2 protein chains.
Amino acid sequence: MTSTEPPTTDRADQQTAHQTDQEPAAKPALRPTRQRRAVSEAMASFEDFRSAQEIHELLRNRGEAVGLATVYRTLQRLADAGEIDMLRSEDGEAIYRACSTTHHHHLVCRSCGRTVEVEGPAVERWTSAIAAEHGYGEVSHTLEIFGTCPACR
Amino acid sequence: MTSTEPPTTDRADQQTAHQTDQEPAAKPALRPTRQRRAVSEAMASFEDFRSAQEIHELLRNRGEAVGLATVYRTLQRLADAGEIDMLRSEDGEAIYRACSTTHHHHLVCRSCGRTVEVEGPAVERWTSAIAAEHGYGEVSHTLEIFGTCPACR
DNA sequence: ACGATTTTGACAATCGTTCTCAGCGGGTCG
DNA sequence: CGACCCGCTGAGAACGATTGTCAAAATCGT
């Protein structure tokens, strides 16, 4: 237990999403602008996680220049809308990835860095189960395994 | 380059910890200063995760003033040494907590940060098995589960 | 096409974290 | 005991990611 209080306090504003479809109220009406399309397309062009800045860079190289602030805003919306996954890298940067990629984990050699991609239905099931058991929904997770590969032992 | 690489690209270093005592190399010789003692004690005074700034604040209130930079440095060392757990809050801040003896993982609410500690013999077994299967030894791993807690759904 | 609204983008402002560097202090050696 | 070496500290500058600001540009409904 330990009433862990929310680290982030006043973040209410970013939570705009969720409007029940029975609510006749305002319709956010996301506009299909060139920039938004560009970002969405960019997101579909790679499988791994990338930082907002890398994505911004990628867009620039593609010739579809989009303001950095706009990239941030768009990514945030997409993430809120659940269209892309967002998590934080080890050094605190927000990183994004198109939502539908096949999910797998990495087995990394501590010494030479050799990486093997592994899948684990068992783990997926376990995490979902554990989460459900505690009443958590919309579950996602990160898992990485470290070890010393055969060549480095 | 390219190819799916983990969010934490070449970040295997964070796992540095473990300074084997057989290393004949330079011995950092950590000095037992007032500040370090203060930080360690402070870490032992609470159970949940706190940010470096909160810890700094806490020390100040205790009368054991320690420079912010020193707090950061010390927390980092403790984390590297594996004496405390460090992870990232949803908004990218580094948060720390005294390391509990038992190995477990965290089920964190994406929205309010509420955290539940969970254990999973199954996962432990699975990771070891997968690693062994690929010939990796000295296995360790990191796993975090994210979701939306009952109160935030 | 026209006014209402959203969005955008350049840039300033935040804010957590790290770097710099002069001064301090613990430990050691003579 | 005193000089010295070197890690340690603190204050503030520097940094880098992210967010806020606001006038100009793009869209939408009519």
Side-chain angles (χ1 to χ4, degrees), chain A residues 7-17 19 25-40 42 49-60 63-81 84 86-96, chain B residues 7-9 11 13-14 19 25-40 42 49-60 63-81 84 86-96 113:
Chain A
T8 13
T9 328
D10 49 359
R11 252 193 155 358
D13 49 314
Q14 70 148 84
Q15 290 281 327
T16 331
Q19 31 164 72
K27 176 192 170 194
L30 267 257
R31 291 181 182 174
T33 64
R34 171 181 71 74
Q35 292 83 337
R36 286 185 181 154
R37 229 170 297 129
V39 172
S40 291
F49 281 95
R50 305 269 177 106
S51 71
Q53 316 238 10
E54 288 174 326
I55 294 166
H56 173 242
E57 180 76 21
L58 190 159
L59 284 166
R60 164 161 302 167
E64 283 274 47
V66 178
L68 180 56
T70 300
V71 172
Y72 272 105
R73 283 184 294 235
T74 304
L75 288 174
Q76 218 159 60
R77 292 219 180 168
L78 289 174
D80 280 348
I84 61 175
M86 183 262 244
L87 59 80
R88 325 240 25 150
S89 73
E90 201 57 42
D91 52 345
E93 277 184 320
I95 48 181
Y96 309 81
Chain B
T8 38
T9 318
R11 251 173 174 0
D13 50 313
Q14 80 148 105
Q19 25 177 88
K27 178 191 170 194
L30 269 257
R31 288 184 184 170
T33 65
R34 170 183 71 75
Q35 292 86 335
R36 285 184 181 156
R37 231 169 296 128
V39 172
S40 292
F49 280 96
R50 305 269 177 105
S51 72
Q53 317 236 12
E54 288 173 325
I55 293 166
H56 173 242
E57 180 76 21
L58 190 159
L59 283 165
R60 163 161 301 169
E64 282 276 46
V66 177
L68 180 57
T70 301
V71 171
Y72 273 105
R73 283 184 292 235
T74 304
L75 288 174
Q76 221 160 55
R77 292 222 179 167
L78 289 174
D80 280 347
I84 62 177
M86 183 263 244
L87 60 79
R88 296 275 174 186
S89 73
E90 198 57 37
D91 54 342
E93 276 184 321
I95 48 182
Y96 310 80

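All figures in this text were calculated on a predicted structure; none of them were measured in a lab. All chains are named by letter (A, B, ...) in the order of the sequence lines, taking the proteins before the strands, and each is independently numbered beginning at 1.
In terms of phosphate contacts, Y72(A) brings no side-chain nitrogen or oxygen within less than 4.0 Å of OP1 or OP2 of dT19(D). The side chain of R88(A) contributes an N or O atom lying less than 4.0 Å from OP1 or OP2 of dT18(D). Here Q76(A) reaches the OP1 or OP2 of dT19(D): one of its side-chain N or O atoms lies under 4.0 Å away. Contact annotation: T33(A) reaches the phosphate of dT8(C) (side-chain N/O to OP1 or OP2, under 4.0 Å).
Rounded to whole angstrom, the span from the CD1 atom of I55(A) across to the P atom of dT18(D) amounts to 10 Å. Regarding E64(A), its CD atom lies at a distance of 13 Å from the P atom of dT8(C), rounded to whole Å. As rounded to whole Å, 13 Å separates atom P of dC8(D) from atom CZ of R37(B). The separation between D80(B) atom CG and dT18(C) atom P is 11 Å, rounded to whole Å. Between the CD atom of E90(A) and the P atom of dG16(D) there is a distance of 20 Å, given to the nearest Å. Across the protein-nucleic acid pair, R60(B) atom CZ and dT9(D) atom C1' stand 15 Å apart, rounded to whole Å. Rounded to whole angstrom, the span from the CZ atom of R36(B) across to the P atom of dG27(C) amounts to 12 Å. If you take CD of E93(A) and C1' of dC15(D), they are 13 Å apart, rounded to a whole angstrom.
For Q76(B), the side-chain hydrogen bond (donor to acceptor under 3.5 Å, both in side chains) criterion is met by no residue, not counting sequence neighbours. Remark: E57(B) engages no residue in a salt bridge (Lys or Arg N to Asp or Glu O under 4.0 Å) (not counting sequence neighbours). With sequence neighbours excluded, the residues that form a salt bridge (Lys or Arg N to Asp or Glu O under 4.0 Å) with E64(A) are R34(A).
A side chain to side chain contact (heavy atoms under 4.5 Å, CB included) with V66(B) is found for exactly one of T74(B), T33(B), I55(B), L59(B), namely L59(B).
In this structure, A79(B) and M86(B) approach most closely via the heavy-atom pair CB-CB, 4.1 Å. Nearest heavy-atom pair, A94(A) versus R88(A), reported as atom, atom and distance to 0.1 Å: N-NH2, 3.7 Å. Considering all non-hydrogen atoms of both residues, I84(B) and L75(B) come closest at CD1-O, 3.5 Å. The minimum heavy-atom distance linking E54(A) with R50(A) is given by the pair OE1-CA, 3.3 Å. Residues L58(B) and A42(B) approach most closely at CD2-CB, 4.0 Å, considering heavy atoms.
If you check every strand for non-hydrogen atoms under 4.0 Å, E54(A) touches nothing.
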Write down the protein N/O and nucleotide N/O pairs, taken from nucleotides 9-12 of chain C, whose separation is under 3.5 Å; answer none if there are no such pairs.
| unit_1 | atom_1 | unit_2 | atom_2 | d |
| --- | --- | --- | --- | --- |
| dG9(C) | OP1 | Q35(A) | NE2 | 3.0 |
| dG9(C) | OP2 | G67(A) | N | 3.0 |
| dG9(C) | OP2 | T70(A) | OG1 | 2.8 |
| dG9(C) | N7 | R73(A) | NH2 | 2.7 |
| dG9(C) | O6 | R73(A) | NH1 | 3.4 |

Check nucleotides 2-5 of chain C against the protein and report each pair of N or O atoms closer than 3.5 Å, with its distance, or say if there are none.
| unit_1 | atom_1 | unit_2 | atom_2 | d |
| --- | --- | --- | --- | --- |
| dT5(C) | O2 | R31(A) | NH1 | 3.1 |
| dT5(C) | O2 | R31(A) | NH2 | 3.2 |

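The shortest distance between side-chain heavy atoms of Q53(A) and Y72(A) falls below 4.5 Å.
When only modelled atom types and interatomic distance are considered, T70(B) and R73(B) share a side-chain donor-acceptor pair under 3.5 Å. For S40(B) and R37(B), the side-chain atoms include no donor-acceptor pair closer than 3.5 Å.
Secondary-structure annotation of DNA chain C gives the stems C:1-30 with D:1-30, with a stem taken as at least 3 successive Watson-Crick or G-U pairs whose two distances both fall under 3.5 Å.
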